Each structure stands twice: as structure tokens, then as C-alpha cells.
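Data block below; observations after.
Computed from a prediction, not measured in an experiment: that's the story for all the values here. In the text below, chain A, chain B and the rest are named by the order of the sequence lines, each starting its count at 1.
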Amino acid sequence: MALAVITRVGAVPRLPHGLLRALVRFLRTTPGRLMALLLGLLLLCLLMATVTVAGVQRKAGEIRDLVTGSEPLTVTAQDIYRALSDADATASSAFLAGGVEPASTRAQYTADITQAASALALTAGTRTPGDPLLTLSAQLPVYTGLVETARANNRQGFPVGAAYLREASGLMRTTLLPAAERFYQAENDRLANEQNAAASFPVAEVLLAAVILGCLVAAQRYLLRLTNRMFNVGLVTATAAVTISLLWLLTAMILVSVHLASARQDSSNQIAVLVQARLAAVQARADETLTLVARGTGQSYEQDFVAASAKLGGSDGAGGLLGKARALATSPAVRADLDDAVYYQQSWTKTHAAIRKADDAGQYDQAVATTVGAADTSSGTIFARLDQSLVAAINTARQAFSAGTDAAAAALTLLTPGLIVFAVLAGAGSVFGIWQRLREYW
Amino acid sequence: MRPAAVPGALLVAAAVLVACGTTTTSYPPPPAAVPGGPQPLGVGGGPSTVSTPPPAPDCDPTASLRPDGPLPPPGNPPAGSTMARIAERGRLIAGVDQTTYPFGFRDPFSGELTGFDIDMLHAVSAALFGDPNRIQFKTITSAERISALTQGQVDIVARTMTIDCSRAQQVGFSTVYYVAGQRVLVNRGSSVTGIGDLTGRKVCATKGSTSLDAIAAAASHPVPVSVDNWTDCLVMMQQGQVDAVSTDDTILVGLVAQDPYTVIVGPRFTDEPYGIAVPKQDEDFVRFVNAVLERMRADGDWRASYQRWLGTRLGPVPDPPPARYRD
């Protein structure tokens, strides 16, 4: 049947539409169809190689971005908030101490400002809705300027220094801290989105591989009908290569999802709660100090303290965010750090009650000494230790994040060259297998 | 495609390719400055009621209650009196200012509250307990002075508080322990010579103060700006947010002491008799405080305290204002 209309391959017509007609005629012949099949399979194999390799590279990039971009950026964002809030509390406690501020207090304030400023520099260029970074970068120098004006006046014994300090604290609480909080929230959301994206299943790549598999099977059925030969070595090889690619891809992607999910569970979710705890603690500390600075009219600060403290540790110090973090903790090290944190939160609550009792009974000096003193029993020391245990817990949890993402990245090892090799094998097998049949028509 | 069109199409394609290949390095323009500098917390406008109600015809606010004879010995107050209640508690709870140099302020070096007003309270404490330091200070803003007393948060308020009829209806005042007068503070080199030159200019005072009422009522129609504390006014003036501060000369003297680039101008245009305030019902305590003030007028303590805090900044040390009683 088909032999009747066979044309010589070399007979190239002169006119373009004659060429088209000749091509259509050629495709109706068996060698024509075989040729088309050969080219089609070759093209599909090339496409598969390109798409899957690009997909794997993108996935590897997303995982790398999590480790080098989003996750550190989230940590940096919370560092900014904490450093600013601590600077506010430290500046206020220097005022409380009276006289020339202790060198250690000054050093802590400077460290806080340096940390906030360098963290801001690291985050430069990050686009966040509402531009909280713009607010932070613009207002931080204004804040430090006010604090230095306050210091200069304080050192001359002028009460206007306290007014500048109050203005600085107001700027911090109404402008800087809300911007820092917005930035942290935005970065945390971004991390969650990127984790979702990285753990997402590569539908397009797998579908494409499945389509190619189907085409290969169809091609073999066609050849079976055409030649009555059960196996075509080339096409069987190609089918095997595509099947292995598909299975490898599926396994690797499932592993990536599993490891990223465990990174999230063992780390990101816990860190989010631990960070909230840390921010609540530093908030409570600032409120505690400002209650005493306000001296008698600090009821609103005291209410804020009670709210922040309850948010941090619940009614007994072991609930609230600390309790939630303790329940989420998956490693014994984090759990031990949180036990310390609960212990310090409980002693802080007791110390704070003593401070309020002293202040309410008119023993203001004693209340101040218990709040800003360097003694082990002062609430300043207890707060510092609480913060240290939370930092230790966050650092441990961050290691779980790196471990999880490293494992996810490792699941992609050799996948790119493997996919290329198998795609080449599939292409070569297809060409070889069909060429063998095509040759019979020459 | 016509052959002539081929080079053109190639050129366009090349241009597109080049454009795609070049990384654009144009940065966005720097954002405009974030508007507005920082301001003290709680900046507001003029008083809520511009004109204070006219005093009742029979109101003589500076006439106080006569002491019941000489002071009782410390630690031995009449039973059932306000003084007995305070003695039983063991400390006097006083509403003061920690920002107004030199009347009530926190000494940045010692961290202690000191000033002329605070000296008055130490004298009351000494008369009550035989110890000038049995005082729990609560800092309050100008606007909180009356509510702190009516709500029973404090026993006594000594905070540059002008005696007037509307206040005398709500709290009990001692005899006058100081007479100040409202003047104007401007930057050195300013063309302003008094309250009359401040038309349309921003003038700062604290919320709930008689000074703010006087600014709002001034014929020259300045724009009143209100804050929580007097030092906030100095902050706003140093930041160029107000043109002047107008209040009692005593407070302005304290601001000049903290900023030599300011100067007090113009005549006194009000009289501000300061009184120590206690809850309206504690009339026995008013008489007790008046007895303490009598003693201070007589034994030179008043002059010593004036000398310490005001010196000769407002001229030579005056005699204490005489006490006037209504019964």
C-alpha cells in the first residue's frame, strides 16, 4: 500500500508550496512516519532533559535560598526588633541608675545600636510591603541623636535630658518597634512561602516524563504492528532510561519534601514561637523599667508588663509562649534550654512582685536597685539569663533547620547529571531503535 | 518578506537581543525624606475650654484656713485627723513634678527628687513624722493634679500649682507660698519682646495649666501648643517646633538655666499665686500645712530654700508672701 506512493527522498521540489506538498506526501509513507517518530522522540527526550534539569536546578536554588537567604533574614529581622527594644530598655535603665551611667550599661546600649544598624545594612535591598526598612533606616539615626542629646543634658545635670529620653522612647515605641515588627512578620511569611514553594511537587516535570513514557510505549506498539517483532532493543533501552529518570525524580522530590517538612517542624515552627517569646521578654523588660522611670504614673506600663509577662510564661511561668515552645521542642537540648527559661521567668515574676511591692510601699530606691542592679537577684540579671536561654534554644533549633535543608539538598545529589545521562540514553535508544527499522526502506 | 526589509528586521532583532542581554543598572531614585521630625509624646493644641468660668463674686481663692494654734509635736497627731491617718500609714504620698527645674525635678546625678516645691513637702513630712524623708513621691503631669487628689491617689500636691477659683472648688489650697507671674521665653536674638508680638506664632505650655488658658486668651492670638511637662516645651523650642514658651517666670528661669541661648522677655502679665493642694474634704490637713508654712516664714527656712533654688535670678531674695485667712 504505502510502497506505491514512495517518492525519492532526493527529489526536492523547486517551489516552497511544492516542498510542503512533497513533505505531506512523504509523511503519509511508512518511512516518513518512522522519520517523524524518530524526530518526535528525539525532540521529546531533549525537552525532557531541558525541563527536568532546569526544574532540579531551580529546586536546588530554592533550597539554597532558604539556607542562605530567607532563614537568616528572618533571624536578622528578629535581631533588629530585639536590639532596638533592648536599646530602649537600656537607655531607660541608665536614666534610672542616676548619676553618670555605668560603663556596662553604655556598652550594652552601644552594642544594641551597632547590632541593629549592621542588621539593617545586611537587609538592605529587601523589598517589604510598606517599606518598614525605610522607616527603620531613616529613624534609627534620629533616635540615637535624641538619646545622645539626652545624655549631654544629663551630664550637665539638666532635667531636660529626661524629656529628650522620653521623646526618644516615644519614637522607639510608636515608630521604630512597629516597623521592626512589620519587617519580622513579612520575613517570616516570606520564609513560610518559600518553604512551601521548595517543598512543592514538580508536576510539570513528572507529567512530561510520563508523556514521554507513553509515547515510547505507543511507538513500540506501532512498530510491533508494523514489523511483528516483539522487542526493539533501542526503544526498550529508551523506555528503561525514561522510567529510571521518572522514578529517580519522584524519589528525590519526595525526599526533599520530607526533609523540608522536618526542617520546618524541628526548626522553623519552634523558632517562630521562640522568637515571639524573646520579643515578649524584652517588651516586658522595657515596660518594667519604664514603670519606674514614670515614677508613680506608670500604671499603663505596668499593665503592659503584666500582659507581656503572661504572654511569655502564662500564669505560672511554664505556660504561654514558653509552654508552647516546650511542647513543640523536638530536641532534648532545646527542651533543657526552655526549662532554664521557665525557671528564670518564674524567678523574674517573683522579683517583679517584690519590686512592685517596694515601689508601692514608697521604697523607690530599693525598687530601682532590684531592677537595674548588677546583683544576681536583680531583675536585670534574671532577664539577661532568660534571654540567653532563649537564644541558646533558637541557635539549637536553627541547627535542625540547616540539617533538614542540607539533607534536602543532598537528595538532589547527582540528579542533574543523572537526568542528562538518561535523557541522552533515551534519545540515543529511540534514534537507534527506529533507525534500524527505517534502514529497511533504503 | 521583501529583501529590503531583511536588514531592518535584523537590526530590530539585534537591538532587542542587546536590550535583553544588558543588565539594567538603573537604581530607583532615593525616597523622599520621611516627613516630620520627632516630637515629645502627647503634643496637643489649646485648652479644651478656652475661657475659664468667671470667678464667683464671693471667691477669694488665696484666703485659706487658719491653723489650729501652733504645730503639734511630730508623731502625735490629733486622733481621727487626716494627719493621724497619714501617720498610721507611715509615709506621706505626694504628687510632684520630676521635670520642672528648680521647683520639682529629678537631680540627674543623685537620682533624687529635689526643688523648691519638694522642700515644702520635706517640711510637712518633718512636722508629721519628725523625719523630712518619709515621703512617697508620685510624679504627675499638670493635667493630673486635680484628679490625683479627688481620686485619693495622693495626700498632697506641691507642683507649681496656681490657686484659682475653679480649682478651689475641687481641692483645698494652703496659703500662698510663692507668687509667680507669667512671662515669655524666646530664643536669644528673636524679635519677640512680649506676649503681644506672638500673633499667629506657636507658643508652648503644659496641658491643664493656667498658662495655657492665658495663652489661648491673649489678645494677640498666639497658637497654643500643649505638652505634658515643661521640659517638653524646651525640647520643642530647641527642635524649632515652637516659637516661644509662656508660663510662670519661675519655671522659665529653670528653662533658661538649662539653655543659655534662650531669654525671658516682656513684663509679667498675670499673677500666679502658688498653693499646696490637698483633697477638698481634708480641711484639718489644710490648717496643718498652713501651720508648717507659718513656721517656715518665721524661722527663715522659706528664705533659705528660695536662696538655694532661685538665688538672685529673679532679683534679690524677697520676703515670703504673707498668709491670708478667711477664718
Please classify the contact of Arg155(A) with chain B as side chain, backbone, both or neither, using a heavy-atom distance under 4.5 Å. backbone
I need the residue from Asp228(B), Leu113(B), Thr99(B) with the largest number of non-hydrogen atom pairs under 4.5 Å to chain A. Leu113(B)
What part of Asp131(A) lies closer than 4.5 angstrom to a heavy atom of chain B: side chain, backbone, both or neither? neither
Contacting region of Ala257(B) [heavy-atom separation from chain A under 4.5 Å]: backbone
For chain B, which residues from residues 372-383 of chain A lie under 4.5 Å away (heavy-atom distances)? none
Please report the shortest heavy-atom distance between Arg166(A) and Leu41(B), naming the atom on each side. O-CD1, 4.3 Å
If every non-hydrogen atom of Gln39(B) is compared with every non-hydrogen atom of Glu167(A), which pair is closest and at what distance? C-OE1, 3.0 Å
Between the side chain of Gln258(B) and the main-chain N/O of Gly157(A), is any donor-acceptor distance below 3.5 Å? no
Honestly, the part of Val160(A) sitting under 4.5 Å from a heavy atom of chain B is both
CZ of Arg106(B) to CG of Asn154(A), rounded to nearest 0.5 Å, is 7.5 Å
Quick one: does Thr100(B)'s side chain get under 4.5 Å of Pro159(A)'s, heavy atoms only? no
Using non-hydrogen atoms and a limit below 4.5 Å, what part of residues 232-246 of chain B faces chain A? Asp232(B), Leu234(B), Val235(B), Gln238(B), Gln239(B)
Gap between atom OH of Tyr364(A) and atom CZ of Phe137(B) - 0.5 Å precision: 11.5 Å
